[in-house]
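We count residues from 1, following the sequence as given.
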Amino acid sequence: MTGEPADGGPGGRVLAAFDGSPTSRAAVAWALAAAARARTGLEVVTVLPVGESWGEAGLLDPARVDRVRADVADHVRALVDGCHGDAPDTASVPVAATVLTGRPVEELVRRSADAGLLVVGSRGRGAARSTLLGSVALGCVPRARCPVAVVHPAAPAPGRARVVVGLDDTDDAREVLWRAAAEAGRMAADLDVVVARRVPEHWGDLGSAATPVRGETGAHATWRAGRLVREVLGARPGVRVLVETGPPAEVLVRAAQGAALLVVGSRSRSRLSGMVLGSTALHCVVAARCPVLVLHPQPLPAPTA
């Protein structure tokens, strides 16, 4: 398949999880820009968790829920208005604020069924503030019914934006590459396609980036990756193929320093039935300092004539 990825957005509205924390505010701002690029709407979702800071009786009090809903709507409106100054094109994005009661992960996963993208902050207001990744992000990434973007608060490096994606020669990796190129097109960014070379290990995780055949030289790995990129994307400008040595997860995190986005696939190649998120994807979501887009592979678009 060759050709330019279609300049279309997610197949539905963008959802953003909001709990008032700094990272959730960054997630809403990022989601607003993503909705503008995709020419779709934004729904900011706040879930009042059952059995935590509020008791069951409080959650069932309609007056109290209405007060919280109005308070959340005010916060979201102020946050969105503040984003318009930095990105005027976001002013046309329809924004809705939704307040739900229940378990945050379950409610967000449920609403993701008809969404095009779910955006969450890397940390929330949970009690375990020292954890590297918030429980909501960790719960949503493998279970959501749409792609999930985990937003870290670090700012991208100055200059032209970069989107980073790992590459191997599986069908899933081809789709991840295609969709990463589409994101790069919407963001007016260059695309860095990263291949990881390492010595095979008995207990290694192949992950989302490539492990070339034993004894393959760096030059041959670059040629092989370039051929695959041309097969998937055609003669697309602004694409670099980078071959680096090391474990795929570490290579991708290192390559994504200062990037605008890191794109990874979610599928694990582990034969353990409980492994629903590959360890490479999990490491990238936790360790990368830029936003990480986790894709649940779907069939690729049909080639254009």
Of the non-hydrogen atoms in [X] and [Y], which two are nearest, and what is the gap between them?
X      : Y      : value
Ala180 : Val163 : O-CG1, 4.0 Å
Ala27  : Ala17  : CB-O, 4.5 Å
Ala34  : Leu117 : CB-CD2, 4.2 Å
Val176 : Gly265 : CG2-CA, 3.9 Å
Ser266 : Ala281 : CA-CB, 4.4 Å

Which value, rounded to the nearest 0.5 Å, describes the distance between [X] atom [atom1] and [Y] atom [atom2]?
X      : Y      : atom1 : atom2 : value
Asp19  : Ser24  : CG    : OG    : 4.0 Å
Arg25  : Leu79  : CZ    : CG    : 6.0 Å
Asp114 : Leu15  : CG    : CG    : 7.5 Å
Leu233 : Arg174 : CG    : CZ    : 10.5 Å
Thr46  : Leu100 : OG1   : CG    : 8.5 Å
Asp172 : Leu177 : CG    : CG    : 12.5 Å

When you measure from the side chain of [X] to the backbone of [Y], do you find a donor-acceptor pair of N or O atoms at a distance under 3.5 Å?
X      : Y      : result
Arg162 : Ala255 : yes
Ser112 : Arg145 : yes
Ser122 : His152 : no

*Geometric cation-pi criterion Arg37 and Trp30, 6.0 Å radius, 45° cone*: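 The answer is yes, since Arg37 meets both limits relative to Trp30.
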*State plainly whether the residues Asp192 and Arg240 are in salt-bridge range, i.e. N to O under 4.0 Å.*
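Looking at Asp192 and Arg240, the cut-off is met.
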*Side chain proximity check, Val80 to Thr90, heavy atoms < 4.5 angstrom*: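 In short, these two side chains do not touch, never coming nearer than 4.5 Å.
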*Of Arg110, Arg111, Arg103, which meets side chain to side chain donor-acceptor pair (under 3.5 Å) against Glu107?*
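For Glu107, the side chain to side chain donor-acceptor pair (under 3.5 Å) check succeeds only for Arg110.
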*Report yes or no: do Val263 and Val253 belong to one cluster of Ile/Leu/Val/Met/Phe/Trp/Tyr joined by side chain heavy-atom distances under 4.5 Å?*
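Looking at the clustering, Val253 is in a separate group from Val263.
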_Partner of Phe18 under side-chain contact (heavy atoms from CB on, under 4.5 Å), chosen from Val99, Val76, Val119, Val120_ =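 In the set Val99, Val76, Val119, Val120, the residue that makes a side-chain contact (heavy atoms from CB on, under 4.5 Å) with Phe18 is Val76.
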*Among Leu293, Val151, Val292, Leu191, find the one that has a side-chain contact (heavy atoms from CB on, under 4.5 Å) with Leu261.*
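Output: one option passes, namely Leu293.
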*Which pairs count as salt bridge (charged side-chain N to carboxylate O under 4.0 Å, His left out) when at least one residue sits in residues 254-263, sequence neighbours excluded?*
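Found Glu244-Arg254.
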*Tell me, please, which residues at least two apart from Thr98 pass side chain to side chain donor-acceptor pair (under 3.5 Å).*
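Listed in chain order: Glu43.
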